[in-house]
J.: 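This structure is in structure tokens; I'll ask about it shortly.
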Amino acid sequence: MTREELARRYLAVRARTEHLAAPLSPEDQGLQSMPSASPTKWHRAHTTWFFEAFVLAPRGIPPVDPRYGYLFNSCYEGLGERHARPKRGLLSRPTAEAVGAYRRAVDASMCDLLREAPDEDWPALEALVDLGLAHEQQHQELLLTDIRHAFSESPLLPAYLPAGAPSTRRSPGELVFAEHAGGVCVVGHEGTGFSFDNEGPRHRIFLEPFAIATRPVNVAEVRAFVEAGGYRTPSLWLSAGYERVRALGLTAPHGMRVEPGSVLGFTLRGLVELDPAEPASHLDYYEADAIARFLGGRLPTEGAWEHVASHVDPEDGNFVDDEILRPVASASGSRRVEQLFGDVWEWTSSSYAAYPGYAPAEGAVGEYNGKFMVGQYVLRGGSALTPRGHVRATYRNFWPPDTGFQMTGARVARDVRGETGRPRERTGIE
């Protein structure tokens with residue numbers, strides 16, 4: 001990008017964060033409903049600190065307030081001590097207004113730097129700004145998922161935005177599967193466009209023949225799972241998942257109420273009746289795995305998911321830019337694989353681990369992804385709260401398996417085997 005193009009993109013992403021925070025009061029912006037979530041004003045400040053710490057400070061530009069490094073460093077051990085994550089909701093100061101002033105001050109310094117940086121520093125500077133903007137887009141989604149969880153814990157069940165027009169209810173339909181021949185495939189990012197370090201190196205994998213559902217698991221299928229006693233059937237669950245179900249008394253996914261004649265869900269627009277055909281959201285990994293088993297399949301591996309998604313436009317989907325803020329049922333009725341991008345992040349059966357040949361970047365920025373490669377599962381595809389253009393077929397999201405407060409869903413896969421029980425040798429990409 002030219003200096004002017006990058007500056008415009010920088011300001012647009014930064015303005016989008018403020019737009020998303022605008023419906024929230026200062027009191028709303030201080031809420032932290034659990035240790036895994038953060039207050040809105042903390043997201044606004046942390047994304048600002050990221051540019052200050054990784055772009056401005058190494059170039060000799062002093063911090064707006066030296067104390068903010070301790071308050072808004074998230075996880076970067078190489079940059080010093082930090083305020084404990086579970087206590088972010090105790091930070092009544094700086095106020096939401098002061099955080100806005102902090103953002104404006106850093107934005108002014110960033111724009112000056114983008115205009116005046118020496119040409120020889122431009123490639124490194126552009127790469128860091130790209131990373132910072134992708135990081136901020138991740139926190140834009142977290143801002144929304146975290147405030148939704150906080151509001152879901154309130155007896156008043158407040159809405160982030162007023163209710164939208166009722167969605168058109170569609171027939172949920174049965175699961176249809178597209179078969180894929182498998183074989184040696186190449187996955188991972190390559191090229192000149194931006195990617196996170198955990199998306200590469202590009203490498204070969206082998207896939208046995210498989211079939212994948214043409215759409216995500218929908219609300220009607222989750223309701224069938226609930227009404228069939230799925231939460232009381234240990235044979236459907238991984239052991240750790242069923243222990244969690246019993247310990248917490250779970251009877252439905254987070255924020256979902258299965259009632260006679262309807263299914264209600266808590267969304268950013270309040271408690272609404274869900275369309276039976278819309279992709280089911282807020283499934284944790286254990287629920288996604290159990291529901292896939294109930295439906296006669298399993299979760300896809302991330303390699304199989306990427307192999308299918310590499311044939312799809314990653315900007316063709318329901319994203320936060322559409323301002324629906326919840327999954328929507330497809331209107332196409334296509335028998336081809338669809339809704340891979342947007343609507344819901346799709347759990348895969350793959351543990352989050354390094355690709356062959358992966359090496360983190362040097363310095364504190366190398367802590368961005370690599371040190372989290374344990375105890376988590378990979379999700380793919382983005383959601384209705386993800387910015388359009390942020391995700392791609394190689395994008396790897398990751399969360400612990402008990403995470404259900406994110407916009408997480410599932411897609412069913414199946415093994416494809418012939419009459420002998422061996423994998424079929426003849427199928428094709430559809």
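Every heavy atom of this structure was used, including side-chain atoms; hydrogens, water molecules and symmetry mates were not.
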J.: Which heavy atom of Y160 sits nearest a heavy atom of L24, and at what distance?
T.: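 Minimum heavy-atom separation between Y160 and L24: CD1-CD2, 3.7 Å.
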
J.: Rounded to the nearest 0.5 Å, how far does OH of Y242 lie from OG of S235?
T.: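 Separation between the atoms: 9.0 Å.
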
J.: I'd like to know if the side chain of D289 reaches the main chain of Y286, judged simply by a donor and an acceptor atom lying under 3.5 Å from each other, with no hydrogens or angles considered.
T.: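 Checked: no pair found.
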
J.: Any chance CD of E18 has more than 12 other-residue heavy atoms, nucleotides or ligands included, within less than 6.0 Å?
T.: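 Yes.
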
J.: State, to 0.1 Å, how close D313 and F341 come at their nearest heavy-atom pair, and which atoms those are.
T.: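 What the structure gives for the nearest pair is O-CD1, 3.8 Å.
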
J.: Taking E338 for the side chain and R215 for the main chain, is one N or O donor matched with an acceptor at less than 3.5 Å?
T.: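 Side chain of E338 to backbone of R215: no pair is present.
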
J.: List the atom of V99, the atom of R44, and the distance in Å for their closest heavy-atom pair.
T.: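 Between these two residues, the closest heavy atoms are CG1-CB, 3.8 Å.
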
J.: What do you reckon, are the aromatic ring centroids of F196 and Y368 less than 6.0 Å apart?
T.: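 Between Y368 and F196, which both carry aromatic rings, the centre distance is below 6.0 Å.
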
J.: Is there a donor in the side chain of D197 and an acceptor in the side chain of Y358, or the other way round, less than 3.5 Å apart?
T.: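 There is such a pair between these side chains.
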
J.: Test your reading of the model: is there a side-chain donor-acceptor pair from E367 to the backbone of G78, 3.5 Å cut-off?
T.: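 A pair under 3.5 Å: yes.
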
J.: Output, in order, the C-alpha distance, side-chain angles, deciding distance and verdict of side chain to side chain contact (heavy atoms under 4.5 Å, CB included) for Y377 and S351.
T.: CA-CA 4 Å; Y377 283 86; S351 295; 3.8 Å; yes

J.: Could you pull out the closest heavy-atom pair between H149 and F405, with the gap in Å?
T.: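 Nearest heavy atoms, H149 then F405: CD2-CB, 3.7 Å.
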
J.: Any side-chain heavy atom of I205 within less than 4.5 Å of one from H203?
T.: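 When only atoms from C-beta onward are counted, H203 and I205 do touch, with a gap below 4.5 Å.
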
J.: Any chance you could measure L91, atom CG, to K41, atom NZ, to the nearest 0.5 Å?
T.: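 Answer rounded to 0.5 Å: 6.5 Å.
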
J.: What do the steps show when you test V412 against V217 for side chain to side chain contact (heavy atoms under 4.5 Å, CB included), and what is the final call?
T.: CA-CA 7 Å; V412 180; V217 170; 3.8 Å; yes

J.: Any donor-acceptor pair under 3.5 Å linking the side-chain atoms of W305 with those of E346?
T.: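 Yes, side-chain donor-acceptor contact under 3.5 Å.
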
J.: Tell me the closest heavy-atom pair linking R298 and A292, and the distance in Å.
T.: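 It is C-CB, 3.7 Å.
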
J.: With the side chain counted from C-beta on, respond yes when I291 and V222 share a heavy-atom pair under 4.5 Å apart, and no when they do not.
T.: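 With C-beta onward as the side chain, the pair touches.
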
J.: Assess, by modelled atom type and distance only, whether the side chains of H254 and R148 contain a donor and an acceptor separated by less than 3.5 Å.
T.: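 A donor-acceptor contact under 3.5 Å links the two side chains.
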
J.: Tell me, yes or no, whether the heavy-atom count around E81 atom CD, taken from other residues, nucleotides or ligands under 6.0 Å, exceeds 12.
T.: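 Atom CD in E81 is not packed in, count stays at 12 or less.
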
J.: Would you say that V219 contacts E221 through its side chain, given a criterion of any heavy-atom pair below 4.5 Å between the two side chains?
T.: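 Heavy-atom side-chain distance check fails, nothing below 4.5 Å.
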
J.: How long is the straight-line distance from CG of L268 back to CD of E323, given to the nearest 0.5 Å?
T.: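 Rounded to the nearest 0.5 Å, the CD-CG separation comes to 12.0 Å.
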
J.: Taking the six-membered ring for Trp, are F210 and H180 parallel (under 30°), tilted (30 to 60°) or perpendicular (over 60°)?
T.: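 Plane angle under 30°, so parallel.
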
J.: Testing H135, R103, H139 for side-chain hydrogen bond (donor to acceptor under 3.5 Å, both in side chains) with T47, which one passes?
T.: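 Running side-chain hydrogen bond (donor to acceptor under 3.5 Å, both in side chains) over H135, R103, H139 with T47 returns exactly one hit, R103.
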
J.: What's the separation between atom CG in N397 and atom CE in M407, rounded to the nearest 0.5 Å?
T.: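 With rounding to 0.5 Å, CG (N397) is 13.0 Å from CE (M407).
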
J.: Would you kindly say whether E52 and Y102 are connected by a side-chain donor-acceptor distance under 3.5 Å?
T.: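 Indeed, the side chains of E52 and Y102 share at least one donor-acceptor pair under 3.5 Å.
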
J.: Is there a side-chain contact between P360 and K371, using heavy atoms and a 4.5 Å cut-off?
T.: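 With C-beta onward as the side chain, the pair stays apart.
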
J.: Check for me whether the distance between the ring centres of Y395 and H390 falls short of 6.0 Å.
T.: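 That pair passes the under 6.0 Å test.
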
J.: Would you say the side-chain atoms of R202 pair up with the backbone N or O of H189, donor to acceptor, closer than 3.5 Å?
T.: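 Looks like no, no N/O pair under 3.5 Å.
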
J.: Can a donor-acceptor pair be found, under 3.5 Å and without considering hydrogens, that links the side chain of R414 to the backbone of A211?
T.: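 It does not hold such a pair.
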
J.: Between R14, R104, H43, which is the residue that forms a side-chain hydrogen bond (donor to acceptor under 3.5 Å, both in side chains) with T48?
T.: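 Exactly one option meets the side-chain hydrogen bond (donor to acceptor under 3.5 Å, both in side chains) with T48, and it is R14.
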
J.: Which atom names give the shortest non-hydrogen contact between W347 and L283, and what distance separates them?
T.: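 Shortest heavy-atom contact: NE1-O, 2.8 Å.
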
J.: Are side-chain heavy atoms of Y285 and L299 found at a separation under 4.5 Å?
T.: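 Y285 vs L299: side chains touch.
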
J.: Would Y231 and V226 count as a side chain to side chain contact (heavy atoms under 4.5 Å, CB included) here? Give the steps.
T.: CA-CA 6 Å; Y231 282 87; V226 171; 3.8 Å; yes

J.: Around atom CD of E174, are there more than 12 heavy atoms from other residues, nucleotides or ligands closer than 6.0 Å?
T.: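 Result for CD/E174: open.
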
J.: Would you check if the side chain of E306 reaches a backbone N or O of G188 as a donor-acceptor pair within less than 3.5 Å?
T.: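 Checking the backbone N and O of G188 against the side chain of E306, a donor-acceptor pair under 3.5 Å is found.
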
J.: Give a yes or no on whether the ring-centroid distance for F72 and H46 is below 6.0 angstrom.
T.: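 They do not qualify: ring centres at least 6.0 Å apart.
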
J.: Find out whether I324 and R269 are in side-chain contact, i.e. whether some heavy atom of one side chain is under 4.5 Å from a heavy atom of the other.
T.: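 They are not in side-chain contact.
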
J.: Hey, could you give me the CG/CZ distance between L379 and R396, rounded to the nearest 0.5 Å?
T.: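 CZ of R396 is found 11.0 Å from CG of L379.
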
J.: For the pair E199 and R392, find out whether any cationic side-chain nitrogen is under 4.0 Å from an anionic carboxylate oxygen.
T.: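 Yes, E199 and R392 are salt-bridged.
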
J.: Which label fits W49 and F54: parallel for a plane angle under 30°, tilted from 30 to 60°, or perpendicular past 60°?
T.: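 W49 and F54: perpendicular rings.
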
J.: Looking at W42 and L71, would you say the former's side chain and the latter's main chain have a donor-acceptor pair under 3.5 Å?
T.: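 The answer is yes, because a donor-acceptor pair under 3.5 Å joins these two groups.
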
J.: Any side-chain heavy atom of V64 sitting closer than 4.5 Å to one from V106?
T.: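 A side-chain contact exists here, since the closest heavy-atom pair is under 4.5 Å.
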
J.: Within the 4.5 Å heavy-atom criterion, are L325 and V320 side-chain neighbours or not?
T.: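 Heavy-atom side-chain distance check passes, below 4.5 Å.
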
J.: Apply the test side chain to side chain contact (heavy atoms under 4.5 Å, CB included) to residues E227 and V258: give CA-CA distance (whole Å), side-chain angles for both, the deciding distance (0.1 Å), then the verdict.
T.: CA-CA 8 Å; E227 293 180 338; V258 178; 4.0 Å; yes

J.: For the side chain of H282 and the backbone of Q406, is there at least one donor-acceptor N/O pair under 3.5 Å apart?
T.: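 Indeed, once roles are kept as given, a pair shorter than 3.5 Å links the two residues.
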
J.: Would you give the length of the straight line joining atom CG of L250 to atom CZ of R232, rounded to the nearest 0.5 angstrom?
T.: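 Those atoms lie 13.5 Å apart.
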
J.: When you measure from the side chain of N318 to the backbone N and O of G342, does any donor-acceptor pair fall under 3.5 Å?
T.: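 No; judged by distance alone, with no hydrogens or angles, the pair does not exist.
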
J.: Check whether any side-chain N or O of E302 sits under 3.5 Å from a backbone N or O of Y352 as a donor-acceptor pair, and report yes or no.
T.: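 It does not hold such a pair.
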
J.: Does CZ belonging to R257 count more than 12 external heavy atoms closer than 6.0 Å?
T.: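 Not buried by this count: 12 neighbours or fewer within 6.0 Å.
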
